[in-house]
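Structure first, commentary second.
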Amino acid sequence: MGLVRKKITGQPEQITWERLSADALRALLGDPDPDVRREAALGLEGVEEAVPDLLTRVILETEPNIRDSVLTTVSAYDTEAVAGALAVHLASDDAALRTAAAEALARMPRSMPALLPSLVAAPDHDVRVMTVMVLADLIHPDTGYWLTRVIRDDPHPNVVTAAIDALLPLATAEHAPLLEAAARRFPDDPFLRFTVQAALPGLTGTA
Amino acid sequence: MTATETPPRVLIVDDAATVRMYHRTLLTGAGFEVDESVNGLEAVEVAMSASYDLFLVDVNMPKMNGYICVEALRSGAVGSDAPVVMISTEDRQRDADRAYAVGANLYLGKPVAGERLIRIATMLTAGRGTPE
C-alpha cells in the first residue's frame, strides 16, 4: 500500500512516513495539502476499488500536476469504462483537463478502439480534434486506418488538417491520393492546402 | 534594412509540425526571424535564454498547454512583455477569455489566412524590429 508523507503538527520541519490502507489513501485524495493528494493518487496504483474515487478526483482536482498523477494511476486500468469516463473530458472547457485526458487516453490502446466510432462522429468538431490528438500518440495497429478515415470523411477542415499532421509520420506514397482529395474537398482552406502541398513531395519521392 | 535594424524574432509554439511549417513559411517570407518549440515546456525553456518580439502559441499541446505556457512566459522566470498571439482550433468564447486572462494579446481560430497573420505579426512587432 502507498506511503504518504505526514507533517507533524507544530513541527513543520519534521516529516514521517506512514503505511496507509487503501481506504485511508482514498480519503486523502481530498486532503487540503497538494503533496498529500499527489502521494495518495500515486499510492493507489493497483487498487482497483479506488478507480471511481480517482475518476471523481480527475474532475475535482485543480492542481494540474496532481491531476496528471491521478490520470497516470487511473489510465493503468485500460478498460472501456475508465476510457469512457475520461473521454468525456475531451469536451471540457478546461484546456488543461482536455489535454491531460487526451494524453491519458493515448496510453489506453486496449480500450480506445471501442470508443473511436462514437468519438470520430462527435457533433462537436473540437472533440474530434482532441480525438485526433489521442490517435496521434496511441500505439495501436489501427491508428492509420482511423486517421485515414477522418481525413476522408470528416466535414471540418481543422479536424482533417489535424489528422493529416498525425498521419504524416506513418504516411507513404499510397496516401497521396487521400491527401489530394482532402485538399480538393476544402479548396478555400489555405492551411490545409499548404499542408498537402508540403507533404506530397515527401510521400511521392519528388522532394 | 540598416545595420542597426534587426528582423523581429518570433517563437512558434505548436505540437503540429505542419502548423509550425505553415507559420514559419509565411513569417520568414515576410522577413521575420523564426524559431520553433513543440510544446509549452520547451517554449518556456527557450524563452529563458533568448529574447523574442512575438510568440505564436497553440492551446492544446502535450506536456504544457498554451495557457500555462503563456502564464510562464509572463511570469518572473521569463518575464517577457512581448506580444502573444494564441492560435487554436478551439473557437469557444471561454477559450478566448482564458487566453486574455493569462496574458495573451490576441486569440485567433485556425486556420489563419497568410496575409492576415503577416499583417497581425507586423502590427504587433512594430517598434520591436524591422522585417527585412
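Lettering of chains follows the sequences in order, A, B, ..., and the numbering in each one begins at 1.
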Does atom [atom1] of [X] have more than 12 heavy-atom neighbours, drawn from other residues, nucleotides or ligands, at distances under 6.0 Å?
X: Glu103(A); atom1: CD; value: yes
X: Glu115(B); atom1: CD; value: no
X: Glu49(A); atom1: CD; value: yes
X: Glu180(A); atom1: CD; value: yes
X: Arg57(A); atom1: CZ; value: yes

Can you confirm whether [X] sits close enough to [Y] that some side-chain heavy atom of one is under 4.5 Å from a side-chain heavy atom of the other?
X: Thr99(A); Y: Met61(B); answer: no
X: Pro62(B); Y: Met133(A); answer: yes
X: Phe191(A); Y: Val19(B); answer: yes
X: Arg98(A); Y: Val59(B); answer: yes

Below 4.5 Å from any heavy atom of chain B, which atoms of [X] appear? Answer side chain, backbone, both or neither.
X: Asp93(A); result: both
X: Asp68(A); result: neither
X: Leu168(A); result: side chain

Specify the closest pair of heavy atoms between Pro190(A) and Ala113(B), including all atoms of both residues, with the distance to one decimal.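 Looking at all heavy atoms of both residues, the shortest contact is CG-CA, 4.2 Å.
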Quick check: closest heavy atoms across Asp94(A) and Arg98(B), and the distance to 0.1 Å?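 Result for this residue pair: OD1-NH1, 4.3 Å.
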Contacting moiety of Tyr22(B), where chain A heavy atoms sit under 4.5 Å: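 Contact with chain A: backbone and side chain both.
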Measure the spacing between OG of Ser88(B) and CG of Asp126(A) and express it to the nearest 0.5 Å. 7.0 Å
Among Asp15(B), Thr18(B), Asn65(B), which residue forms the greatest number of heavy-atom pairs with chain A at distances under 4.5 Å?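 So the answer, after comparing Asp15(B), Thr18(B), Asn65(B), is Thr18(B).
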Carboxylate-amine/guanidinium proximity below 4.0 Å for Arg20(B) and Asp165(A): no
Is the backbone N or O of Met130(A) less than 3.5 Å from a side-chain atom of Asn60(B), with the two atoms forming a donor-acceptor pair by type?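 Between the backbone of Met130(A) and the side chain of Asn60(B) there is no qualifying donor-acceptor contact (under 3.5 Å).
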